[in-house]
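The model shown is predicted, which means the values in this text are computed figures rather than measured ones. Every chain is numbered from 1, with letters handed out A, B, ... down the list of sequences.
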Amino acid sequence: MLKTVRRTNMCGSLRETHIGQQVILQGWAHKARDLGGVAFIDLRDRQGVVQITVDERSPQAAKDMAATVRQEFVLEIEGEVVARTKPNSRIPTGAVEVVATSVKILAGTQPLPFALGGDAQEETRLTWRFLDLRRPELQSKLIARHRAAQATRSYLDSLEFVEVETPILNRSTPEGARDYLVPSRVHPGQWYALPQSPQLFKQILMVAGMDRYFQITKCFRDEDLRSDRQPEFTQIDIEMSFPTSDTVMEVAEGVAQAMWQKVRGEDIGEVPRLTYTEAISRFGVDNPDLRFGMELSEITDVVADSESTVIQGALQDGGIAKAFAVPSGATQSRKVLDKWTEFVRRYGMGGLMWAKVGAEGWSGSAKKLFTDEEKATIQETIGAKEGDLVLIGMGQAGHVNPGLGRLRRHIGLQLDMAVPGQFAFCWITEFPAFEWDEDSKRWTSTHHPFTAPRASDIALFGTGRENEIMTDAYDLVCNGYEIAGGSIRIHDSEVQSKVFTALGIDEEEAETRFGFLLNALRHGAPPHGGIAFGFDRSVMLLTDTDNIRDVIAFPKTTKAQDLMAQAPSVVDPEQLAELHVKNTK
RNA sequence: GGAACCGUAGUUAAGUUGGUUAUAACGCCGGCCUGUCACGCCGGAGGCCGCGGGUUCGAGUCCCGUCGGUUCCGCCA
């Protein structure tokens with residue numbers, strides 16, 4: 001307890017046990033109701049709201065002052081806690097009220113730009129973030145975030161992980177996302193980059209013998225935003241020496257368990273594991289939402305000999321056919337099905353074949369495309385029964401899988417198939433090391449270039465079969481969000497060089513960009529691996545929101561602006577001159 | 001880089017096939033009110049209809065562009 005604070009209690013903490021006590025409260029006037037002879041003020045602080053009563057028991061000065069109080073004035077109230085004659089069961093403090101002996105206005109306010117309790121547009125709320133943050137819903141999310149961070153620190157500390165800070169002003173490593181750059185004043189023409197993650201530094205800390213490291217730290221990526229992506233975001237970054245992938249996954253499950261236990265009082269339970277290949281096959285995506293069924297089934301073989309030109313057209317050039325059943329989906333309207341068709345087109349699918357299973361067979365766009373035998377086999381494969389909806393997609397795997405996979409989750413959410421408050425975790429493991437990038441005509445890292453290939457696959461380098469190389473990487477997924485991802489790293493500079501070569505980065509370039517890491521790997525690097533949690537996304541799940549801005553105190557808009565601070569902004573030409581930078585626009 | 005939705009008093013919304021002075025609620029200002037908790041009652045102020053152009057006798061409404069917010073695709077090792 002602090003000895004020098006003036007207030008005696010928090011508004012939201014007062015209960016019947018406080019009756020008879022003299023208290024001093026400080027907070028905001030949530031609402032003021034002046035009835036003439038008696039006035040009520042709902043006084044709010046972080047803990048909650050309590051009713052202040054100013055009536056004939058109060059001195060005239062307090063009554064005069066109370067009459068001038070408006071919403072969101074900052075007040076100091078002295079008075080006695082008394083039982084209410086008419087309790088209010090809707091608020092926790094509703095059994096009591098404080099009869100004021102003194103009402104002091106510590107600060108007034110200009111008229112409010114929006115109603116705090118209402119549903120103002122996000123643009124307005126972001127501009128006036130300090131007012132928006134007064135809302136209990138947002139405060140509780142920030143408090144949950146704090147608790148999750150505390151739980152993480154405490155858990156990792158108990159396993160002797162050491163929190164080490166790594167640089168924010170960093171070297172640009174142009175693999176991956178676009179960097180945020182900071183010009184150097186003392187080195188004209190040279191630039192720092194803000195870290196996309198502390199990846200290289202944490203590996204070097206392992207070489208340095210720190211054994212177990214973690215950090216809750218900001219990362220920066222200058223890419224376009226989404227409802228779950230901000231240009232600066234927070235990672236729980238973890239790395240350890242001498243682990244197997246199981247060891248890292250055990251630690252990560254422990255972190256998730258600690259956060260969920262501390263914030264929600266819940267166990268995360270057994271976390272099932274799926275390989276990447278299995279996840280794509282069954283769910284179309286590598287971040288499946290396991291709160292509902294509707295698994296995808298491949299039916300390419302079933303329809304391969306179809307005489308339909310539509311189907312043959314879709315299957316040419318190695319196209320595939322996949323399907324799933326929506327339980328009781330036959331009630332969906334044509335309008336909804338058109339929307340779903342439009343939905344999958346975004347992922348490159350030509351369209352969606354659908355059929356409602358009725359007593360007299362199929363009806364809908366897929367009715368005439370299939371023979372009765374094909375229909376029966378499809379129905380049996382995906383487990384569709386009367387009253388269900390059959391959805392079928394055909395085309396290139398790279399379109400069908402994400403199209404149907406995303407549609408599956410979209411439908412699950414839209415039809416409320418997920419039980420509120422339910423969390424379905426899973427691990428996705430064994431990722432391919434490389435993906436072919438059509439634009440640049442080269443291999444790119446699925447995870448990042450420091451992920452260790454399986455020892456048995458190292459012989460495949462340089463054979464043109466790089467796509468078959470698999471890694472010891474693992475993603476932790478919850479309710480369709482990837483909340484953590486990691487891998488066992490390369491601790492051998494020879495292997496690291498092979499990976500760079502496969503990525504089209506020659507030796508000289510590798511030395512220039514990553515020389516400090518390669519050098520470290522040549523000087524006694526222990527086997528090591530780690531993982532990083534997307535902390536903001538984890539807190540989103542913990543606080544039941546799908547908007548990342550809700551869990552960040554001062555977030556940015558989708559155009560990466562801070563509407564309150566008005567960043568970014570123009571700067572003085574003198575500042576630019578000092579930095580040897582010239583604007584071209 | 002692309003697509004969709006949105007933008008009207010401080011706020012949230014309404015505004016008909018283009019047609020007098022652009023409505024309402026909350027908030028704000030003034031007055032009244034002794035048990036409210038969405039307090040109530042009376043009165044008042046408050047508008048570059050995001051911005052720019054076009055069509056028209058006439059535009060909040062139609063067209064084009066632009067800016068901003070959100071969501072999605074691309075992107076995000």
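Looking at A:Arg406, its side chain has no donor and acceptor atom pair within 3.5 Å of the base of B:C73. The base of B:G35 is paired with the side chain of A:Glu97 by a donor and an acceptor separated by under 3.5 Å. Judged by distance alone with a 3.5 Å cut-off, a donor-acceptor contact links the side chain of A:Arg229 to the base of B:C76.
When the side-chain nitrogen and oxygen atoms of A:Gln51 are compared with OP1 and OP2 of B:G35, none of them lie within a distance under 4.0 Å. For B:C39, one of the phosphate oxygens OP1 or OP2 lies less than 4.0 angstrom from a side-chain nitrogen or oxygen of A:Arg33. Residue A:Thr558 places none of its side-chain N or O atoms closer than 4.0 Å to OP1 or OP2 of B:G69. Distances shown here put a side-chain N or O of A:Arg226 below 4.0 Å from the OP1 or OP2 atom of B:C73.
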Check your understanding: Passes ring-ring contact (aromatic ring centres under 6.0 Å, His included), A:Phe514 versus A:Phe500? Steps please.
Key -> CA-CA 10 Å; A:Phe514 307 108; A:Phe500 284 143; 4.9 Å; yes

Which pairs, protein N/O on one side and nucleotides 31-33 of chain B N/O on the other, fall under 3.5 Å?
from: B:C33; atom 1: O2; to: A:Leu35; atom 2: O; distance (Å): 3.2
from: B:C33; atom 1: N3; to: A:Asp34; atom 2: O; distance (Å): 3.2
from: B:C33; atom 1: N3; to: A:Gly36; atom 2: N; distance (Å): 3.4

Taking only N/O atoms, report every protein-nucleotides 24-26 of chain B pair under 3.5 Å with atom names and distance.
none

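Among B:C37, B:C75, B:U70, the nucleotide with an atom closest to any side-chain atom of A:Asp224 is B:C75. The side chain of A:Gln561 lies closest to B:G68, out of B:U70, B:G68, B:C72. Side-chain proximity of A:Lys559 to B:G69, B:C76, B:C37: nearest is B:G69. The nucleotide whose nearest atom lies closest to any side-chain atom of A:Arg549 is, among B:G69, B:U71, B:U11, B:U71. Listed nucleotides: B:C72, B:C28, B:C37. Nearest to the side chain of A:Arg84: B:C37.
A perpendicular orientation is assigned to the rings of A:Trp427 and A:Tyr474, their planes being inclined by more than 60° (bins at 30° and 60°).
Of the residues in residues 55-70 of chain A, those with a non-hydrogen atom less than 4.0 angstrom from any atom of RNA chain B are A:Asp55, A:Glu56, A:Arg57, A:Arg70.
Taking atom CZ of residue A:Phe343 and atom C1' of nucleotide B:U71, one finds them 11 Å apart after rounding to whole Å. Atom CD1 in A:Ile41 sits roughly 17 Å away from atom P in B:G35 (whole-Å rounding). Across the protein-nucleic acid pair, A:Glu123 atom CD and B:U12 atom P stand 10 Å apart, rounded to whole Å. As rounded to whole Å, 6 Å separates atom P of B:U70 from atom CG of A:Leu126. Distance, A:Phe40 CZ to B:G40 P: 14 Å, rounded to whole Å.
A distance of about 13 Å separates the C1' atoms of B:G10 and B:A45, rounded to the whole Å.
B:G40 is paired with B:C32 under the Watson-Crick or G-U wobble criterion, all donor-acceptor distances under 3.5 Å. Within the shown strands, nothing qualifies as a pairing partner of B:G58 under the Watson-Crick or G-U definition with both distances less than 3.5 Å.
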